[in-house]
Amino acid sequence: MKTTETPPPVPAEPGAALTKTGVPAAAPPKEKKEGTVLNVFSHGILVIWAIMVVMPLVWAVMTSFKDDASIFGSPWSLPDKLHFDNWSRAWTQAHMSDYFLNTVLVVGGSLIGTLVLGSMAAYVLARFDFPGNRFIYYLFIGGMSFPIMLALVPLFYVVNNMGLLNTIHGLILVYIAYSLPFTVFFLTAFFRTLPSSVAEAAFVDGASHTRTFFQIMLPMAKPGLISVGIFNFLGQWNQYMLPTVLNTDEDKHVLTQGLVQLAVSQGYKGDWSGLFAGLVMAMLPVLAAYIVFQRQVVQGLTAGALK
C-alpha cells in the first residue's frame, strides 16, 4: 500500500507570525480594507456630485409644469396637475418656436462646416510633413487661448463690412471660426492614432488623396468626429456672447437671446411658468444629444490612449 508524502513546510519569512503547526500565518487584509474605504469614499463623492447636477435639472422640469402660484407657494413639491399650457404658451406667445428654428439653422450649419473643415485641416497636419506644418498647428493652438471678449469689437466691424451683420449665414461663419481651433487640435491627435497602413494600401490600389480621406480615413475617425461634434454642439447651442453682439435683429434671435428676453419681460408679466417651460425646451436637445451619443464620446476620448 502506497503512503502519501506530506510536502515539506514552507519556510516563513523573517519576522512573519507562525501558527501552532509551523505554517506562516496569513497577512492581515490591510490593503483590502484600504481599497474598500477608498472605493466607498470615491463612490460617495460621485453620488453627491450626481445629486448636485441632477437635482436642478429635475427641479426645472418639475417647475415647468406648475402654475405661478405653486412655483412661489410650494417650490419643492410636485405639481398638483400637469400644466401643459405653459409649454404651448412659451412655444407660441413667447416665440420660442422661432428662436428654436433659428438656433437649429445656425448650429446645424456651423456644426457641419466645423467638422468638414476641421477634419480636413487636422488630417493634413497629422499625416503630411511640409514646411510650416508645426507653425500652422500652433496657430490653431493659439486660437484656443485667445479670449473671445478681446475680438468682439473688431469682429463686429469685420462682419459689418462684409455685409453679414444680423444674418444667419454670417453667424454660421463666425461660429465655424470660433470652433475650428479646438476641432483641429482634437482631431489632429486623433488622426495620428489611426493606422497608416490602411491609407498606404489605398494609395497602392490607385485611390487619390481625396478618395482616401473621405472613404477610408474619415469613417475610421467616426468616434473622434462624434466626440468633438458633441463638444462643439454644446458650446454653439449655449453660445450667448457672439449672437448678442452680431445678431441684434429680433426676428433672427437664437434660443439664448430669446430666454434672456423672456426673463426680462417677467418683471412686467410675471409668467414664470412660461419661463421655466422655455428653459426646459432649450435644455432638452442638449441632454438628448449627450444621452444618445455618450458611448461614442467616451470612445473618442479614450481612443488616443489605446493605440
Under a 4.5 Å cut-off applied to non-hydrogen side-chain atoms, are Trp59 and Val54 in contact?
-> no
Derivation of the ring-ring contact (aromatic ring centres under 6.0 Å, His included) call for Phe100 and Trp237 | CA-CA 10 Å; Phe100 194 90; Trp237 187 272; 5.7 Å; yes
Donor-acceptor pair, side chain of Asn247 and main chain of Lys252, under 3.5 angstrom | yes
Nearest atoms (heavy-atom pairs only) where Leu262 meets Leu275 = CD2-CA, 3.7 Å
Stacked cation flag Arg192 on Tyr137, 6.0 angstrom / 45 deg = yes
Pairwise side-chain contact, Thr244 with Met241, heavy-atom cut-off 4.5 Å (strictly under) = no
Under 4.5 Å between any side-chain heavy atoms of Ser77 and Lys66, yes or no?
-> yes
Verdict with reasoning, Val254 to Tyr240, per side chain to side chain contact (heavy atoms under 4.5 Å, CB included) = CA-CA 9 Å; Val254 294; Tyr240 175 71; over 6 Å; no
Side-chain donor-acceptor pair present, Gln236, Ser179, cut-off under 3.5 Å | yes
Would you say the side chain of Leu225 lies within less than 4.5 Å of the side chain of Leu187, judging by non-hydrogen atoms?
-> yes
Audit row: Phe276, Trp87, ring-ring contact (aromatic ring centres under 6.0 Å, His included) steps and yes/no | CA-CA 9 Å; Phe276 278 99; Trp87 289 62; over 10 Å; no
Shared hydrophobic cluster, Leu279 / Val58 (ILVMFWY, side-chain heavy atoms < 4.5 Å) = no
Does Ser64 offer a backbone N or O that forms a donor-acceptor pair with the side chain of Asn86 under 3.5 Å?
-> yes
Check whether the side chains of Asn232 and Thr183 place a donor and an acceptor atom closer than 3.5 Å, and report yes or no.
-> yes
Any idea which heavy atoms bring Val124 and Asn133 closest together, and the distance?
-> O-ND2, 4.0 Å
Heavy-atom closest contact (Met62 atom, Pro79 atom, distance) | CG-CD, 3.5 Å
Are Val260 and Thr256 close enough, and set up right, to give a side chain to side chain contact (heavy atoms under 4.5 Å, CB included), and what steps lead you there?
-> CA-CA 6 Å; Val260 172; Thr256 51; 5.8 Å; no
State, yes or no, whether a side-chain contact exists between Gln239 and Tyr175 at a heavy-atom distance under 4.5 Å.
-> yes
Met217 versus Arg127: any side-chain heavy-atom pair under 4.5 Å?
-> yes
Output all residues satisfying ring pair (Phe, Tyr, Trp, His ring centres under 6.0 Å) with Tyr123, sequence neighbours left out; order by chain, then residue number.
-> Phe128, Phe191, Phe213
Return all side-chain donor-acceptor pairs below 3.5 angstrom for residues 200-211, not counting sequence neighbours, or 'none' if the list is empty.
residue : atom : partner : partner atom : Å
Ser208  : OG   : Arg211  : N            : 3.3
Arg211  : NE   : Gln215  : OE1          : 3.0

Any donor-acceptor N or O pair under 3.5 Å, side chains Ser70, Asp80 = no
For residues Ile176 and Ser110, determine if any side-chain heavy atom of one lies less than 4.5 Å from a side-chain heavy atom of the other.
-> yes
Steps toward side chain to side chain contact (heavy atoms under 4.5 Å, CB included) verdict (Leu171, Thr167) = CA-CA 6 Å; Leu171 202 58; Thr167 60; over 6 Å; no
Does a side-chain heavy-atom distance below 4.5 Å link His83 with Ser273?
-> no
When every non-hydrogen atom of Ile172 is compared with those of Val106, the smallest separation belongs to CG1-O, 3.7 Å
Fit a plane to each ring of Trp272 and Phe72, take the angle between them on a 0 to 90° scale, and name the class: parallel (under 30°), tilted (30 to 60°) or perpendicular (over 60°).
-> perpendicular
